[in-house]
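Data block below; observations after.
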Amino acid sequence: MDEANLWTAFEAAAATGGALCSRGGDAQSWPAEEWSAAGVSIDTRSLKPGDIFVALRDARDGHEFLKNAFDAGASAALVARAPEDAPEGAPLLVVGDTLQGLRDLALAARLRNFGKRIGVTGSAGKTSTKEILRAVLRANGGVHAADKSFNNHWGVPLSLARLPMHADYGVFEIGMNHAGEITPLSALVRPHAAIVTTVAEAHLEFFDSVEGIAEAKAEIFTGLAPGGVAVLPIDNEYYPLLKKRAEEAGAASFVTFGESDGAVFRLHEYAPDGAGARLAVSIRGKRRDIAVGVPGKHQALNMLAALAAAEAVGADLEKCIDALAGLEPAQGRGERATIRVGDGEATLIDESYNANPASMAAAIALLAAAPVKGDGRRLAVLGEMLELGPDAPALHAALAQSLLAAKVDRVYAAGDLMRHLWDRLPPEMQGVWAGSAVGLIGAVEDAVGPGDVVMVKGSNASKVSAVAKALKSRSTTE
Ligand SMILES: Nc1ncnc2c1ncn2[C@@H]1O[C@H](COP(=O)(O)OP(=O)(O)O)[C@@H](O)[C@H]1O
Ligand SMILES: [Mg+2]
C-alpha cells in the first residue's frame with residue numbers, strides 16, 4: 001500500500017519528540033517543517049524519492065550517508081546529530097537515538113491505524129507465511145507487509161513505521177537469534193493474531209536446546225492484543241509448551257493447524273499438481289479440496305496457518321481460500337524455472353534462499369515429489385546449513401537418510417559441513433563435492449540433462465544461490 005503522506009513533519013516530530021531543523025538555510029522560510037514523507041528508509045541504496053531517511057548506527061553509521069540520502073531524493077532525515085556535511089537547508093528531525101526514533105514512529109503508526117495486525121514467527125516459513133497472508137488478505141482489503149524479511153530489532157520497527165494509516169491489515173514477520181528478542185518486537189506490533197509456524201533446530205549456536213528455541217518463539221504471544229488469537233502448530237513436539245505459554249500470556253483463544261487429529265485447520269492429503277498442488281483439508285471438521293499455486297507440503301501447512309490467522313482477524317475465509325490458487329513461489333523459496341539443456345529442458349527448483357534441517361527436509365520432499373520426464377533424474381545441489389552449533393556435523397550427515405528415502409539420484413554438495421553428508425552417501429549418489437558453492441557451478445551445468453529436476457538449497461551465506469543463478473541464466477521461462 002502506498003500513501004503519499006505517510007509522515008508529515010509535525011506528525012513525525014510529535015511521534016518521536018524530535019526537533020525539526022536544518023543546517024543553514026533561509027530564516028524566512030521553514031523547509032524544516034514543510035516536508036512530508038511517502039515512505040521510510042534506512043538504506044540509501046534502496047531509498048525511494050520522498051522517503052524519510054533514518055540514520056541508524058549499525059555495521060556503518062547512517063549519518064555518513066546523509067548526502068547520498070538527499071541526493072537520492074529523501075524528503076527528510078531522522079538523525080541523532082546534524083553532521084557537518086548535512087546538505088544546507090535539508091530538513092532534519094533530530095532525536096537522541098535514531099533506533100528509538102524509528103520505534104517511536106512505529107508505535108505512532110500502529111496507534112493511528114485501526115486495522116488488524118498479524119505477527120508471524122517460527123524456525124522456518126515466516127516469510128513464506130507472510131507472503132501467503134499478503135495474498136489472502138489482499139482479497140479482503142488493503143494489506144501492508146514488508147517486501148523483505150525485515151524481522152529483527154530494526155526490521156520490525158521499520159516495517160511498522162511504514163504501516164499506512166488506512167491499511168486494513170498489517171502482517172509482520174518477527175525473528176530472533178537469542179532468547180528475549182521477540183518480546184519487545186511483539187509488544188511493539190501488538191498482533192491480533194500470532195502464528196508460530198514451526199519450532200526446529202535453527203540458530204542452535206545461541207541455544208542449549210530446541211526447547212529453548214520453543215520458549216523464545218512463544219514470546220510472540222506476550223505481545224498479543226487483548227482478545228488476541230494464538231495460531232499453533234499442532235504437529236510440533238513443542239505444541240503443548242507453546243499452548244501453555246500462549247495461555248499464560250493471556251491469549252483469548254487458540255487455533256491449531258497441522259496434519260494431526262484434532263487440528264482445526266487440518267491437512268489430510270497433499271498432491272503436487274503442475275506448478276502448484278491440490279490439498280485435501282478439513283476446516284473445523286468440514287472436508288474440502290483446494291487448489292494452491294505454490295508446491296510443497298510445508299507450504300500447504302503455512303497456508304493453513306495463514307488461513308487460521310486471517311479468519312481470526314475477521315477476513316472472509318472463502319475469499320482467502322480462493323486467493324491461494326493465485327499464489328506464486330517467491331524468489332529462492334521453491335521458485336521453479338524451466339532451463340534449456342542441450343535440445344531438451346530441465347526443471348530448476350530454487351530453494352537457495354535459506355536452509356536449516358526443517359526446511360532442508362521440506363525441500364528434499366519437494367524434490368522427491370517433482371515429476372521427472374523420460375530418463376530424467378533428481379539432482380540435489382546442497383550448500384551448508386549454517387548457525388547450527390555443535391550438532392552441525394551430525395545434522396548434515398543425517399541428510400543422507402532423507403536423500404536416500406527421497407530417491408535422489410545425485411548429490412552435489414559444497415562446504416566443509418556438507419563433507420559429513422558427502423562421506424555418508426553411496427558412491428552412485430555422489431556427484432561432486434567442492435569447498436565452496438561456486439566450485440559446483442561447472443559440474444552441475446555439465447550434469448544437468450533433459451528431463452532432470454534440480455533442486456538447489458542451502459543457507460543464504462553458503463552462496464549456493466550462485467548455482468541457481470547460473471542455471472537460471474539459461475532459463476526459458478521464469
Ligand atoms: N513450515 C515450514 N517447515 C519447514 N520448512 C519450511 C516451512 N516453510 C518454509 N520452509 C522452507 O524454509 C526456507 C525458508 O523459508 P522462509 O519462508 O523464508 O522462512 P523464514 O522467513 O522463517 O526464514 C524455504 O526454503 C522454505 O521452503
Ligand atoms: Mg524470513
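Both counts, for ligands and for their atoms, begin at 1 and track the order of listing.
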Polar atom proximity, [X] to ligand 1 (N or O, under 3.5 Å):
X      : answer
Thr198 : no
Ser123 : no
Gln299 : no

Note to self: I'd like to know if the Mg ion (ligand 2) has an N/O/S atom from Thr127 within less than 2.8 Å of it, counting both backbone and side-chain atoms.
What the structure shows: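 Checking the Mg ion (ligand 2) against Thr127, an N, O or S atom does fall under 2.8 Å.
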
Notebook entry, point to check: Is it true that some N/O/S atom of Asn354, main chain or side chain, lies under 2.8 Å from the Mg ion (ligand 2)?
Noted result: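 Checking the Mg ion (ligand 2) against Asn354, no N, O or S atom falls under 2.8 Å.
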
Notebook entry, point to check: Are any of the side-chain heavy atoms of Ile118 and His192 separated by less than 4.5 Å?
Noted result: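 Of all side-chain heavy-atom pairs linking His192 with Ile118, none is under 4.5 Å.
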
Item checked: Minimum side-chain heavy-atom gap Val229-Phe254 below 4.5 Å ->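 Val229 does not reach Phe254 side chain to side chain.
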
Does this structure show an ion pair linking [X] with [Y], if we count only N-O contacts that are shorter than 4.0 Å?
X      : Y      : answer
Lys297 : Glu259 : yes
Asp409 : Arg378 : no
Lys472 : Glu335 : yes
Glu328 : Arg336 : no
Arg245 : Glu215 : yes

Do me a favour and list the nearest non-hydrogen protein atom to [atom] with residue, atom name and distance?
atom                    : value
atom 18 (O) of ligand 1 : Arg333 NE, 2.6 Å
atom 19 (O) of ligand 1 : Gly125 N, 2.9 Å
atom 17 (O) of ligand 1 : Ser128 OG, 2.5 Å
atom 10 (N) of ligand 1 : His298 CD2, 3.3 Å
atom 11 (C) of ligand 1 : Ser359 CB, 3.2 Å

Close approach, [X] and ligand 1, non-hydrogen under 4.0 angstrom:
X      : value
Thr197 : no
Lys457 : yes
Ala358 : yes

Next item on the list: Write the atom name of the N, O or S atom in Glu173 that is nearest the Mg ion (ligand 2).
Entry: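 Looking only at N, O and S atoms of Glu173, the one nearest the Mg ion (ligand 2) is named OE2.
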
Using a 4.0 Å cut-off to any heavy atom of [X], which atoms of ligand 1 qualify?
X      : answer
Glu173 : 21 (O)
Tyr353 : 18 (O)
Glu351 : 24 (C), 25 (O), 26 (C), 27 (O)

Quick one: does any side-chain atom of [X] pair with a main-chain N or O of [Y] as donor and acceptor, under 3.5 Å?
X      : Y      : result
Asp316 : Lys319 : yes
Asp273 : Gly276 : no
Glu181 : His178 : yes

Checklist line | Enclosure of Arg424 CZ (heavy-atom neighbours >12, cutoff 6.0 Å) | finding: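 No, CZ of Arg424 has 12 or fewer neighbouring heavy atoms, counting only those of other groups under 6.0 Å.
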
Next item on the list: Kindly check if the number of other-residue, nucleotide or ligand heavy atoms within 6.0 Å of CD (Glu269) is above 12?
Entry: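 For Glu269, atom CD is not crowded (no more than 12 foreign heavy atoms under 6.0 Å).
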
Just let me know how [X] lines up against ligand 1, side chain, backbone, both or neither, with a heavy-atom cut-off below 4.0 Å.
X      : answer
Lys126 : both
Lys130 : neither
Thr127 : both
Asn302 : side chain

Notebook entry, point to check: In this structure, which one of Arg287, Arg266, His268 forms a side chain to side chain donor-acceptor pair (under 3.5 Å) with Ser282?
Noted result: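 Only match with Ser282 under side chain to side chain donor-acceptor pair (under 3.5 Å): His268.
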
